[in-house]
Amino acid sequence: MQGKQQKRGLVLASIMLSMFLAAIEATIVSTAMPSIVADLGGFSLYSWVFSAYLLTNAATVLLFGRLSDVFGRKPVFLFGISLFLVGAVICALAPSMKVLIAARLVQGLGAGALMPIATTIVGDIYTKEERAKIQGYLSSVWGISAVTGPALGGFFVDVLDWPYVFWMNIPLGLLALFGIIFFFKEDVSKEKRSVDIAGSAWVVITVSTVMIILVEGGVGIDWDSWTMVSMIVVAFTGAIVFFQHERKTDDPMMPMDLWHIRSIRYANLTSLTTGMILIGVSSYLPAFVQGVMEQSATVAGFTLTTMSIGWPIAATIAGRLILKIGFRPTAVLGGVSLIIGALIFSLLSPEKGPWFAAMGSLFIGIGMGLSSTSFIVSIQNSVSWQKRGIATATNMFMRTIGSALGAALLGGILNSQVAGAVEASGLPDSFSVDSANALLREETRNELGHEALHVLQDGLTSGLHLVYNGLLVLAIISFLLILQIPKKED
């Protein structure tokens with residue numbers, strides 16, 4: 001028994017390591033992004049570094065969950081870690097933004113296998129009584145990665161160089177890989193089940209088309225062009241075909257009957273909008289702090305760290321609040337906190353400084369911690385044990401899709417504003433959206449000249465103001481959706 005306990009502990013350590021890699025990816029890369037763009041160029045592609053990772057992650061998370069039921073957890077999990085590490089190596093060596101974006105697609109594929117299967121393995125190797133404590137350990141991974149991510153990102157950028165953000169994954173990923181290979185033993189049942197490949201394909205086609213429309217619309221592709229019209233048709237057709245296909249298939253990637261349960265429907269819709277808020281803060285706050293406030297990467301990391309501290313603390317408190325006042329009032333408190341955070345961001349200006357930005361981040365983090373914990377409890381109380389896994393995965397899927405669409409939509413708004421400011425300024429034709437790269441590093445900022453610096457900072461400021469006003473609208477929508485969650489399960 002002691003040997004088994006020891007092996008379980010090592011398997012758990014390997015799982016926590018792999019979850020740490022996937023969890024830290026968002027905050028550590030966000031902090032490094034201004035330096036990456038300053039080095040590689042391509043400011044207009046800024047949001048694609050996040051969108052690419054989130055797209056493949058969202059499109060495959062449900063598919064990998066299904067594959068692990070058919071082929072077993074171990075091979076799918078090992079495949080996920082391997083893909084993630086291959087993507088990390090290519091990211092670190094990337095000579096251009098386009099190569100970096102392609103590598104992020106590969107990393108996202110790997111993360112799509114890591115997150116759901118890690119949780120499933122814990123469910124497989126621990127008893128019902130033990131799981132609550134173990135889930136606490138897994139939650140702490142999110143807290144630790146959220147706090148250390150921005151600090152590590154700032155350190156690597158200021159002291160070493162941005163590729164170390166990706167090189168860091170390699171030793172940790174290999175440790176997790178070997179831990180699962182040597183210590184995790186599983187018996188795979190030979191039950192025949194189909195895998196919904198067609199459903200996954202339609203998700204990829206639809207979401208990627210919508211993201212290209214949102215990022216490039218009015219910047220790279222004219223709204224009234226045939227290319228844009230064709231893409232809009234493809235996006236609508238893909239969405240309709242996906243929903244029709246999921247209704248008819250025997251083993252759907254996303255069972256449609258889940259959406260008939262009111263608490264799940266509104267928890268998922270809110271997760272879509274809060275996912276957009278989350279990416280809006282974590283992607284673009286470092287650009288504002290470094291490009292407009294002219295602060296270092298470490299200071300930019302600090303303004304994100306407050307969100308990362310607020311989230312796990314609020315999630316822990318939410319567990320107790322749900323027992324005392326119920327999951328709906330707890331979620332409502334989360335919705336209020338999101339509105340306060342978004343309101344602070346809508347008032348953000350260069351003069352207010354990093355502390356003001358950090359305060360907005362803190363409230364967003366508290367809102368995410370209170371609401372997301374409430375949603376999971378609400379969803380898991382609404383379904384039988386047989387559907388609990390897919391219901392939880394669907395909520396994770398909706399938040400990831402929200403983050404992917406948010407990165408694209410908010411990135412499109414920012415690019416349009418910067419492009420408009422450059423065109424209206426009378427600056428030479430050599431200036432474009434990508435000239436905003438120069439704002440993100442002190443030495444290139446000093447070379448710009450007074451007029452160009454003023455125009456680009458104004459464009460970036462007005463673009464980010466629009467982004468933050470968008471966050472406020474999304475926070476209000478999230479709050480209204482939370483109010484629709486029933487007080488008792490239907």
Side-chain angles (χ1 to χ4, degrees), residues 51 54-55 57-59 61-62 116 199 202-203 206-207 210-211 214 235-236 238-240 242-244 246-247 252-281 311 315 318 322 326-339 341-342 364 367-383 387-410 470-490:
S51 297
L54 293 163
L55 166 64
N57 188 340
V61 67
L62 298 176
W202 284 114
V203 168
T206 306
V207 176
V210 169
M211 289 199 324
L214 293 174
F236 271 110
I240 291 163
F242 170 72
F243 286 117
Q244 292 298 332
E246 292 297 286
R247 279 200 178 113
M253 192 173 82
M254 183 192 288
M256 289 298 151
D257 59 334
L258 289 175
W259 291 85
H260 298 155
I261 302 168
R262 195 172 163 199
S263 55
I264 290 182
R265 181 166 67 247
Y266 286 107
N268 285 350
L269 288 172
T270 314
S271 291
L272 184 75
T273 54
T274 54
M276 295 173 86
I277 293 170
L278 188 60
I279 202 72
V281 175
W311 188 328
I322 289 165
F327 59 80
R328 187 177 181 271
T330 307
V332 169
L333 284 174
V336 171
S337 186
L338 287 172
I339 290 176
I364 295 287
M368 290 300 299
L370 292 173
S371 60
S372 59
T373 308
S374 305
F375 295 157
I376 294 297
V377 173
S378 167
I379 288 166
Q380 294 186 342
N381 285 352
S382 306
V383 291
K387 285 191 176 176
R388 198 166 290 159
I390 193 66
T392 307
T394 302
N395 185 256
M396 190 188 292
F397 169 78
M398 290 300 288
R399 193 202 296 165
T400 311
I401 286 286
S403 290
L405 293 177
L409 173 64
L410 300 171
L471 292 190
L472 182 57
V473 171
L474 287 167
I476 292 167
I477 293 169
S478 300
F479 181 71
L480 295 174
L481 287 169
I482 287 169
L483 292 180
Q484 299 304 312
I485 294 174
K487 290 173 184 170
K488 291 184 179 173
E489 304 304 339
D490 44 10

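The structure presented is a predicted model; accordingly, all values stated were derived computationally and were not measured.
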Gap between atom [atom2] of [Y] and atom [atom1] of [X] - 0.5 Å precision:
| X | Y | atom1 | atom2 | answer |
| --- | --- | --- | --- | --- |
| Thr270 | Leu480 | OG1 | CG | 9.5 Å |
| Leu333 | Arg328 | CG | CZ | 11.5 Å |
| Ser371 | Arg399 | OG | CZ | 8.0 Å |
| Arg265 | Leu481 | CZ | CG | 11.0 Å |
| Leu471 | Ile339 | CG | CD1 | 12.5 Å |
| Trp202 | Ile240 | CH2 | CD1 | 10.5 Å |

Heavy-atom check, side chain of [X] versus side chain of [Y], under 4.5 Å:
| X | Y | answer |
| --- | --- | --- |
| Met368 | Leu278 | yes |
| Val336 | Phe479 | yes |
| Arg262 | Ile485 | no |
| Asn268 | Ile264 | yes |

| Do Ser478 and Thr274 pass the side chain to side chain donor-acceptor pair (under 3.5 Å) test, and can you show the C-alpha distance, the side-chain angles, and the key distance before you say yes or no? | CA-CA 7 Å; Ser478 300; Thr274 54; 5.6 Å; no
In short, Ala475 meets Ala342 closest at the heavy-atom pair CB-CB, 3.9 Å
